[in-house]
> 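Take a look at the following structure, please.
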Amino acid sequence: MMVVTSHLSSPKQILAMDSITKNLESSLQVPSVQELALQRLDKVPPRYIRYSDSDDIISTVSSDPSLRVPLIDMAMLVNAATQDEELQKLHLACKDWGVFQVLNHGVSDTSLKNMQNQVQGFFDLPFEKKKQWAQRPGNLEGYGQAFVTSEEQKLDWNDMIFLKSFPIQNRKLDLWPKNPPRFRETLERYSEDMREATISIVKFITMALGLQDTQISESFREGLYDIRMNCYPPCPEPERVVGIVPHADNSGITLLFDCADFPGLQFLKDGKWVNVEPIDGAIVVNIGHIIEVMTNGIYKAPEHRAVVNKWKERLSIVTFCYPGSSADIRPAKELIGEGNPPIYKNMTSGEYFSNFFNRKLDESFIDSLRV
């Protein structure tokens, strides 16, 4: 169940704000951005324009070279001699940023490269072939665009294919592409690798908080895993659009594999957008609202967005990772007590998602979870 709380960060700069809606489990059909890009347009169609000519969105991007998303080495986390120091780095990364890049995460370069090749192969298919796996009415899964709920809504400059991966019974295999020929088996293996990486990463996140209980990390073993594969085509006016609007994820954690060698993902830090510089073999990990609740707000889900390039296409593969449906979503008992009251409510998984889909339209999702 991949859902995000999306909001646009600077109303002064936005020509039209999309209204928040309860109906985020389906999406209307819209034109393919890849097909628009093939037309070699000089101007972006009006429905994609988020910023006016007078807006200087570049100035909101940090140019401070010292302001870089933290880098964590899992090899140092598993090594007893270096674990304490790396756990402290991880704690500060989660507390101060809510995002980090991770190396030596256990997912092989082969698995990452194979998945990249299959996603590239899919998006390189002619439009008529990709349409075989298009989203259906009332469903978010498949090829298309996410969270389009009205004909007037502003659109993101991307195409995507979104598929539920775990548990296996959630898979709609008729929406899993058969072309490229090895897409399905590659995605299945990639999903398994991402699940194992998630369990390890969440284990160390809880250790960074001083929690020795493995219950939280183990709850991800039977968790929900959804994968969104994004294509951001070249754009004639990249400064006037967004690839994905600013949002925070409602996952436990989110793992992103950036297939490009240039930045396109940005996180909001101290009022400035910070580029995530791709590192070969690294995975970007960001905190989602579920971990924000479980850590009683010590680690917060960060706001992030995707921007696009005038000349180059960018692909990314995003895995949204949730604990199993039997796990309660509540602040960890060890983190609350005298002087540390719970900030968030105790919820079942079902109540958590019900809160998302039935919140007041003018209220942020995370605020609706507060005590």
> Side-chain contact, heavy-atom cut-off 4.5 Å: Phe267 with Pro302?
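Yes, side chains in contact.
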
> Looking at Leu90 and Phe204, what are the two nearest heavy atoms and their distance?
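Scanning both residues, the minimum pair turns out to be CD2-O, 3.4 Å.
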
> Which ILVMFWY residues are connected to Leu92, directly or by a chain of links, through side-chain heavy atoms under 4.5 Å apart?
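Grouped by the 4.5 Å side-chain rule, Leu92 forms a cluster of one, so the answer is none.
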
> Taking all non-hydrogen atoms of both residues into account, name the closest pair between Met76 and Thr82 and its distance.
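Scanning both residues, the minimum pair turns out to be O-OG1, 2.8 Å.
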
> Let me check something: do Ile279 and Phe100 share a hydrophobic cluster, defined by ILVMFWY side-chain heavy atoms less than 4.5 Å apart, either directly or through other members?
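No, Ile279 and Phe100 fall in different hydrophobic clusters.
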
> So, do Asn309 and Tyr232 sit near enough that their side-chain heavy atoms are less than 4.5 Å apart?
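They are not in side-chain contact.
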
> Check the surroundings of atom CZ in Arg370: do more than 12 heavy atoms from other residues, nucleotides or ligands lie under 6.0 Å from it?
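Yes, CZ of Arg370 has more than 12 neighbouring heavy atoms, counting only those of other groups under 6.0 Å.
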
> Would you find a donor on one side and an acceptor on the other, under 3.5 Å apart, between the side chain of Thr295 and the backbone of Tyr299?
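Such a contact is found between Thr295 side chain and Tyr299 backbone.
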
> Taking NZ, NE, NH1 and NH2 as the nitrogens, is one of them in Glu237 or Lys43 under 4.0 Å from a carboxylate oxygen of the other?
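Between Lys43 and Glu237 there is a salt bridge, with a charged N closer than 4.0 Å to a carboxylate O.
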
> Using 4.0 Å as the upper bound for N to carboxylate O, is an ion pair formed by Glu141 and Lys172?
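Counted as a salt bridge, because a side-chain N and a carboxylate O are separated by less than 4.0 Å.
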
> So which atom in Lys164 and which in Asn170 form the shortest heavy-atom distance, rounded to 0.1 Å?
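Closest approach of Lys164 to Asn170: CB-O, 3.9 Å.
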
> Is a salt bridge present between Lys130 and Asp159, judged by a nitrogen-to-oxygen distance below 4.0 Å?
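No, no charged N to carboxylate O under 4.0 Å.
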
> Name all residues meeting the side chain to side chain contact (heavy atoms under 4.5 Å, CB included) criterion together with Glu192; count only those two or more places apart in sequence or in a different chain, and write none if there are none.
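Expected list: Phe166, Glu188, Arg189.
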
> Are Trp133 and Phe127 linked, directly or through intermediate hydrophobic residues, by side-chain heavy-atom contacts shorter than 4.5 Å (ILVMFWY only)?
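Yes, it is one cluster - the side chains of Phe127 and Trp133 are joined through contacts under 4.5 Å.
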
> Test of understanding: clusters of I, L, V, M, F, W, Y form through side-chain heavy atoms closer than 4.5 Å, transitively. Do Leu87 and Ile199 belong to the same one?
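Same hydrophobic cluster.
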
> Quick one: which of Asn230, Asp258, Asn158 gives a side-chain hydrogen bond (donor to acceptor under 3.5 Å, both in side chains) with Ser316?
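Answer after filtering Asn230, Asp258, Asn158: Asn230.
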
> Between Val276, Val61, Val69, which is the residue that forms a side chain to side chain contact (heavy atoms under 4.5 Å, CB included) with Gln266?
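Checked Val276, Val61, Val69 against Gln266; only one passes side chain to side chain contact (heavy atoms under 4.5 Å, CB included): Val61.
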
> Tell me if a side-chain donor or acceptor on Lys300 pairs with a main-chain N or O of Gly297 at a distance below 3.5 Å.
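Confirmed, Lys300 side chain pairs with Gly297 backbone.
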
> Looking at every heavy atom in both Met347 and Lys345, which two are closest together, and how far apart are they?
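For Met347 versus Lys345, the nearest heavy atoms are CE-O, 3.4 Å.
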
> Is the closest basic N to carboxylate O distance between Arg136 and Asp174 below 4.0 Å?
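Looking at Arg136 and Asp174, the cut-off is met.
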
> Measure centre to centre between the rings of Tyr143 and Phe122, then say whether the value is under 6.0 Å.
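Between Tyr143 and Phe122, the centre distance is under 6.0 Å.
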
